[in-house]
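What you see is a predicted model, and the numbers here were worked out from it, not measured in a lab. These numbers come from the heavy atoms of this one structure, side chains and all, not from hydrogens, waters or symmetry mates.
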Amino acid sequence: MADNVYDAIVVGSGISGGIVAKELTERGLKTIMLERGMNIEHIKDYTSANRENWDYPHRGTRTQQMIKDYPVLKRDYPLNERNLDWWASDKDSPYTEIKRFDWFRGYHVGGRSLLWGRQSYRWSDLYFEENARDGVGVDWPVRYKDIEPWYDYVEKYVGVSGSKEGLPELPDSHFLPAMEMNCVEKDFVTRLKDHYKGARKAIIGRCAHATIPLNGRQCMYRDKCWFGCPFGGYFSTQSVTLPAAMKTGNLTLRPWSIVTKVLYDKDKKRATGVEVLDAETMKTYTYQAKVVFLNASTLNSAWILMNSATDIWPDGLGSSSGELGHNVMDHHLGVGAEGTVEGYEDKYYFGRRANGLYIPRYRNFFGDKRDYIRGFGYQGAGGREGWQREVAEYEIGAGLKEALVEPGVWRIGFGGFGETLPYHENKITLDKTRKDKWGLNVLAFDCELKENELKMRKDMLNDAIEMLESAGVKNVKGGDGDPYLGRGIHEMGTARMGKDPKTSVLNKWNQVWDAPNVFVTDGAFMASAACQNPSLTYMAFSARAADHAVSELKKGNL
């Protein structure tokens with residue numbers, strides 16, 4: 001086999017790309033994984049994993065220079081001193097905001113699998129059927145029965161901890177033992193269930209953590225996950241899928257490789273490979289393969305398609321439906337409430353649990369009807385304030401130190417995760433007047449929340465306050481932050497799947513209608529967003545698509 005010829009190409013090494021690479025290589029395909037950023041080696045390159053805030057010049061926070069250099073990243077928590085190199089540079093990789101969109105990216109091997117929140121929830125048909133029921137977007141070409149075996153498959157491999165609840169809106173998984181709630185959370189859960197007669201409930205979060213030994217991995221309850229876990233406690237490309245793919249001898253990993261386009265043969269109506277710009281040398285290379293998987297992220301996979309086969313389709317490969325780049329979705333955040341809990345001053349908890357509580361969606365389900373469609377869930381937690389809290393009576397000196405020896409008050413709070421509808425007018429396009437560090441056209445964002453989401457946010461705020469107060473929480477305060485997309489870091493849409501090539505970019509197997517040997521299995525394929533974290537669904541569809549690709553290759557259909 002020539003150096004640039006493979007059976008398969010995987011573009012991107014994050015959560016979905018890692019699953020695809022593992023599945024293809026274990027099925028015997030010689031595969032190259034192309035990652036646009038630097039390599040990060042498991043354990044060796046987790047330079048912040050065993051350091052504390054006080055080990056850094058600015059206690060791990062942000063400096064004025066960082067705020068100046070990262071005008072987008074500064075908008076939320078990602079800007080920090082400890083793992084700044086793991087976030088894409090605003091200067092090197094700019095984008096155009098026709099309307100504000102907070103794009104937080106990780107350009108490195110492992111992508112955001114090193115940085116994700118690890119919350120892992122299934123969809124039920126209550127979600128897969130909503131587009132058709134509401135007449136929104138396009139109907140999903142699959143249902144829960146199609147994806148259920150693939151949820152089973154990836155959960156057993158990934159390791160998802162959680163509790164069996166028997167909820168129709170949130171199907172149970174193959175769970176590892178659940179993480180334990182603290183005393184305040186247990187009390188809140190009981191009071192919430194009693195007050196709402198079971199119509200609203202809080203459960204322990206379902207998270208991709210090995211709470212018991214799993215193939216050499218185990219969570220140590222350090223809560224330093226986004227610095228890389230030397231113990232492989234949470235699921236990431238580095239700790240799970242990349243070692244498995246490498247073990248087969250069938251994987252080649254090439255970092256610093258910006259895929260600029262898919263190469264397309266218009267006579268065969270098939271992709272022949274990809275073109276790559278070496279991010280370090282600026283040299284251009286081509287790689288050939290029988291099948292190409294785009295897992296560069298929702299927005300970058302669309303960018304690659306927009307730059308591909310433009311001699312045939314001016315707007316790019318997959319644009320024949322007019323939907324490429326459209327229907328951008330994210331979960332809208334920044335709404336919630338918190339308060340103090342009295343009566344537990346003699347109680348504390350053990351460890352640093354890397355998880356919290358989850359309140360599943362209840363609006364517009366089971367007979368509830370609002371003046372908007374879809375709904376939201378909440379994520380939050382209870383805990384005692386620690387040594388970093390403010391003590392009003394003391395600003396400096398021995399009194400402050402003495403006060404901080406004891407834990408502070410108990411607090412509990414929740415933030416909402418609201419569903420955004422797949423609006424055709426919420427879109428990304430190529431800005432051909434602006435280029436990045438490598439001379440490549442950047443994306444322009446024209447996306448916003450609309451009336452449905454703004455109505456939803458009123459309930460997200462009021463319900464959070466109401467639930468806390470009903471559980472006896474004191475001094476409850478609510479807040480509604482900036483209503484901008486991107487902050488959920490759950491970008492979806494841009495190359496949705498569907499039943500008809502006239503209204504969708506992909507078929508039910510994640511294949512581009514116009515090039516069936518090109519698969520897109522990151523968040524770009526999503527036809528709707530639901531309100532729960534989407535990564536587990538990406539992984540299930542990725543494993544399913546990889547299995548289908550191998551089957552079709554064997555049949556000679558690709």
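Between the side chains of Q119 and N355, a donor-acceptor pair is found at a separation under 3.5 Å. At a cut-off of 3.5 Å, with distance as the only test, a side-chain donor of S542 or T521 sits close to an acceptor on the other residue.
Here the side chain of Y95 pairs a donor or acceptor atom with the backbone of W103 at under 3.5 angstrom.
We find that D278 and K283 are not joined by a salt bridge, their nearest charged nitrogen and carboxylate oxygen being 4.0 Å or further apart. With salt bridges taken as basic N to acidic carboxylate O contacts below 4.0 Å, none links E23 and R544.
In terms of heavy-atom proximity, R222 sits nearest to P230 at NH2-CD, 3.8 Å. Between S161 and M179, the shortest heavy-atom contact is OG-CG, 4.3 Å.
Atom CD of E35 is separated from atom OG of S257 by 8.5 Å, given to the nearest 0.5 angstrom. Atom-to-atom distance recorded for K437:NZ and S93:OG is 8.5 Å, nearest 0.5 angstrom. Between the CZ atom of R496 and the CG atom of N131 there is a distance of 8.0 Å, given to the nearest 0.5 Å.
Between W87 and F104, the ring planes are perpendicular. Angles over 60° get that label, and only those under 30° would be called parallel. Taking the six-membered ring where tryptophan is involved, the planes of F128 and W123 are tilted, since the angle between them lies from 30° to 60°. Ring geometry for W140 versus F525: interplanar angle over 60°, hence perpendicular rather than tilted (30 to 60°).
For the side chain to side chain contact (heavy atoms under 4.5 Å, CB included) with E275, the lone residue among T260, V259, N307 that qualifies is T260. Screening V10, T31, L24 for a side chain to side chain contact (heavy atoms under 4.5 Å, CB included) with L251, the sole residue that qualifies is T31.
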Could you check N250 against K30 for side chain to side chain donor-acceptor pair (under 3.5 Å), going step by step and ending with a plain yes or no?
-> CA-CA 5 Å; N250 290 327; K30 294 292 184 182; 3.0 Å; yes
